[in-house]
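Reviewing the structure listed below.
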Amino acid sequence: MSDSLSDIMKKRGYDEPPEVARIKEFVLAEIGITPKVSMNNDAFFVSLPSASAVGTIRFKLFQLQRELGHSRKIILKIAVD
């Protein structure tokens with residue numbers, strides 16, 4: 001008997017892209033907060049809980065983009081959960 005779709009999806013491993021992991025490590029090292037990071041074809045979206053956190057990372061954004069190799073734009077946003 002064939003596996004159901006939910007069984008197949010449970011077996012599939014979802015690895016985080018290395019760029020997303022690097023962004024999370026960078027933000028955690030700089031301000032001590034683990035951000036939520038999502039991505040699409042041309043940008044990374046980094047969600048942080050406060051404007052002060054976004055402002056602090058904005059000053060280091062060029063450094064982060066150079067480390068990632070300018071592969072995509074990095075968009076910072078304030079997202080209160």
Side-chain angles (χ1 to χ4, degrees):
M1 184 170 210
S2 65
D3 292 329
S4 69
L5 182 58
S6 64
D7 292 336
I8 294 170
M9 295 304 287
K10 286 179 186 176
K11 293 177 188 175
R12 182 176 176 177
Y14 292 101
D15 292 334
E16 180 173 81
E19 295 94 349
V20 171
R22 181 64 193 121
I23 291 170
K24 288 182 178 181
E25 290 170 5
F26 182 86
V27 173
L28 184 61
E30 290 295 324
I31 60 173
I33 298 171
T34 303
K36 292 183 180 177
V37 180
S38 60
M39 59 186 271
N40 65 13
N41 291 335
D42 60 342
F44 293 106
F45 297 94
V46 181
S47 301
L48 293 164
S50 67
S52 62
V54 169
T56 302
I57 293 301
R58 189 170 307 282
F59 287 116
K60 305 275 185 167
L61 196 58
F62 183 71
Q63 176 186 352
L64 178 58
Q65 285 179 325
R66 288 185 66 196
E67 289 180 17
L68 294 176
H70 296 287
S71 59
R72 294 184 170 108
K73 291 188 280 185
I74 300 173
I75 299 171
L76 302 174
K77 61 183 188 173
I78 303 166
V80 180
D81 293 332

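Side-chain contact check for Ile33 versus Leu28: every heavy-atom pair is 4.5 Å or farther apart.
We find the CG-CD1 distance between Leu64 and Ile74 to be 4.0 Å, quoted to the nearest 0.5 Å. To the nearest 0.5 Å, atoms NZ (Lys73) and CG (Asn40) are separated by 8.5 Å.
No continuous path of hydrophobic side-chain contacts links Ile75 to Val37 [ILVMFWY only; heavy atoms under 4.5 Å]. Note on Val20: it clusters hydrophobically with Val27, by side-chain heavy-atom contacts below 4.5 Å among ILVMFWY residues.
A donor-acceptor pair under 3.5 Å is absent between the side-chain atoms of Arg72 and the main chain of Glu19, judged by distance alone.
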Can you list, pair by pair, the side-chain donor-acceptor contacts under 3.5 Å of residues 44-56, counting residues two or more places apart and other chains?
unit_1, atom_1, unit_2, atom_2, d
Ser50, OG, Ser52, OG, 3.2
Ser50, OG, Ala53, N, 3.2
Thr56, OG1, Ser52, O, 2.8

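Residues satisfying the side-chain contact (heavy atoms from CB on, under 4.5 Å) criterion with Glu30, sequence neighbours excluded, are Phe26, Ile57, Lys60. For Arg22, the salt bridge (charged side-chain N to carboxylate O under 4.0 Å, His left out) partners at least two apart in sequence or on another chain are Glu25, Glu67.
Contact detail for Lys24 and Pro35: the closest heavy-atom pair is CE-O, 3.8 Å.
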